[in-house]
Amino acid sequence: REGDSLFSAEGALKDAPPEAPIPPGQRAPRAALKAAANSYFQAIQDKNDDLVIREPGCVRVESGTKVTQRRPPAVADPNAPAVEFHDSDCGTGLSAMRQIDQVVLRRFPVLDEEAGVAVGVVLFTRPPGVLRPNGEPWPRNLLSEVFTTRGGKITGIYAAMHYLPKEAPTATGW
């Protein structure tokens, strides 16, 4: 959404997920697609990068901004979320995400074997007392994530995020 952190319409077009089906030999069953996507959420919750079922070099794009295979911006915005910009892949740096307590209300409404895609919808909860760089409490984060895969391993993650106001219900709407 316009105004949400990291929103970039140009970036979403430039770094869009692939649209073509994957070759039959690189497809995985629905259970493997769900396991790969869920491994990412579990790695965030357990603070363990090694849990992510991924191809080396997988990308992560958040609200149109590529946050992997790049260096952090030279000047940080104190009101922006603490995004881990790094020059590695989509499973790097999850062990350091202390501003996320749990990944709850996990849903996987799309598991497409032909496309090699899993869609996950989750809510990030925050640990009590953890503050953003600007001194404010971290808001909960509602995410829809498209996971592209090959052979049941994540090749890319494309996230649409929205920070919820304090008064929002503790649900995803599902």
Side-chain angles (χ1 to χ4, degrees), residues 4-72 81-126 140-162 172 174:
D4 276 357
S5 65
L6 302 178
F7 176 80
S8 170
E10 296 88 21
L13 293 172
K14 180 178 151 248
D15 293 313
E19 294 183 18
I22 60 175
Q26 296 178 0
R27 295 177 185 170
R30 291 168 46 93
L33 297 175
K34 181 178 178 180
N38 201 41
S39 76
Y40 178 78
F41 297 135
Q42 199 61 45
I44 291 172
Q45 184 168 297
D46 291 353
K47 314 294 185 260
N48 183 348
D49 298 359
D50 295 333
L51 295 178
V52 182
I53 302 169
R54 68 187 189 268
E55 289 281 329
C58 57
V59 299
R60 179 164 175 82
V61 178
E62 296 182 3
S63 298
T65 299
K66 188 174 181 183
V67 296
T68 53
Q69 292 93 25
R70 62 178 281 174
R71 297 280 181 205
V83 175
E84 292 292 326
F85 286 94
H86 46 79
D87 60 1
S88 192
D89 68 24
C90 69
T92 302
L94 305 179
S95 59
M97 296 183 84
R98 303 288 177 223
Q99 76 277 18
I100 299 170
D101 186 32
Q102 293 189 22
V103 183
V104 299
L105 303 172
R106 301 178 197 189
R107 302 286 187 271
F108 301 93
V110 176
L111 299 166
D112 185 330
E113 295 174 7
E114 186 176 310
V117 168
V119 175
V121 179
V122 301
L123 186 68
F124 286 171
T125 64
R126 307 302 183 169
R140 286 167 293 132
N141 196 352
L142 179 61
L143 294 98
S144 296
E145 308 217 28
V146 174
F147 295 85
T148 58
T149 68
R150 186 175 34 251
K153 294 183 179 180
I154 298 168
T155 57
I157 304 171
Y158 303 84
M161 304 183 301
H162 180 63
T172 62
W174 283 83

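Both backbone and side-chain heavy atoms feed into the values below; hydrogens, waters and symmetry mates do not. Remember, predicted model here, so these are calculated numbers, not experimental data.
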Fill in: Exercise: identify the closest heavy-atom pair between M97 and K47
O-CE, 3.1 Å
Worksheet item: Can any side-chain N or O of T125 pair as donor or acceptor with the backbone N or O of Q102 at less than 3.5 Å?
Response: yes
Worksheet item: Rounded to the nearest 0.5 Å, how far does CZ of R107 lie from CG of L123?
Response: 11.0 Å
Give the table of side-chain donor-acceptor pairs shorter than 3.5 Å for residues 49-58, with sequence neighbours excluded, one pair per line with atom names and distance.
residue	atom	partner	partner atom	Å
D49	OD1	L94	N	2.9
D49	OD1	S95	N	2.6
D49	OD2	G93	N	3.0
R54	NE	D89	OD1	3.0
R54	NE	D89	OD2	3.2
R54	NH1	D49	O	3.0

Practice prompt. Write down the atom of A37, the atom of A118, and the distance for their closest heavy-atom approach.
Written response: CB-CB, 4.0 Å
Fill in: Backbone of R30 reached by a side-chain donor or acceptor of E113 within 3.5 Å
yes
Practice prompt. Report the distance from atom NZ of K153 to atom CD of Q26, rounding to the nearest 0.5 Å.
Written response: 12.0 Å
Practice prompt. Decide yes or no on side-chain hydrogen bond (donor to acceptor under 3.5 Å, both in side chains) for Q42 and D46, but give the supporting numbers first.
Written response: CA-CA 6 Å; Q42 199 61 45; D46 291 353; 3.1 Å; yes
Worksheet item: Looking only at atom types and distance, does a side-chain atom of R126 sit under 3.5 Å from a main-chain N or O of Q99, one as donor and one as acceptor?
Response: yes
Worksheet item: T149 side chain to G116 main-chain N or O, any donor-acceptor pair under 3.5 Å?
Response: yes
Item to complete: Measure across A28 and G151 and return the closest heavy-atom pair with its distance rounded to 0.1 Å.
Response: CB-C, 4.2 Å
Worksheet item: Any side-chain heavy atom of R106 sitting closer than 4.5 Å to one from K34?
Response: no
Worksheet item: Between OG1 of T155 and CD1 of I22, what distance do you get to the nearest 0.5 Å?
Response: 8.0 Å
Worksheet item: Nearest 0.5 Å, what's the CD1-OH distance between I157 and Y40?
Response: 4.5 Å
Worksheet item: What distance separates I44 CD1 from D101 CG, expressed to the nearest 0.5 Å?
Response: 12.5 Å
Worksheet item: Within the distance-only criterion (no hydrogens, no angle test), does the side chain of E114 pair as donor or acceptor with the backbone N or O of P21 below 3.5 angstrom?
Response: no
Practice prompt. List in chain and number order the residues that pass ring-ring contact (aromatic ring centres under 6.0 Å, His included) with F124, two or more places apart in sequence or in another chain; answer none if no residue qualifies.
Written response: none
Worksheet item: Does any non-hydrogen side-chain atom of P18 lie less than 4.5 Å from one of T148?
Response: yes
Practice prompt. Evaluate ring pair (Phe, Tyr, Trp, His ring centres under 6.0 Å) for F147 paired with F41, printing each intermediate quantity in order.
Written response: CA-CA 11 Å; F147 295 85; F41 297 135; 5.5 Å; yes
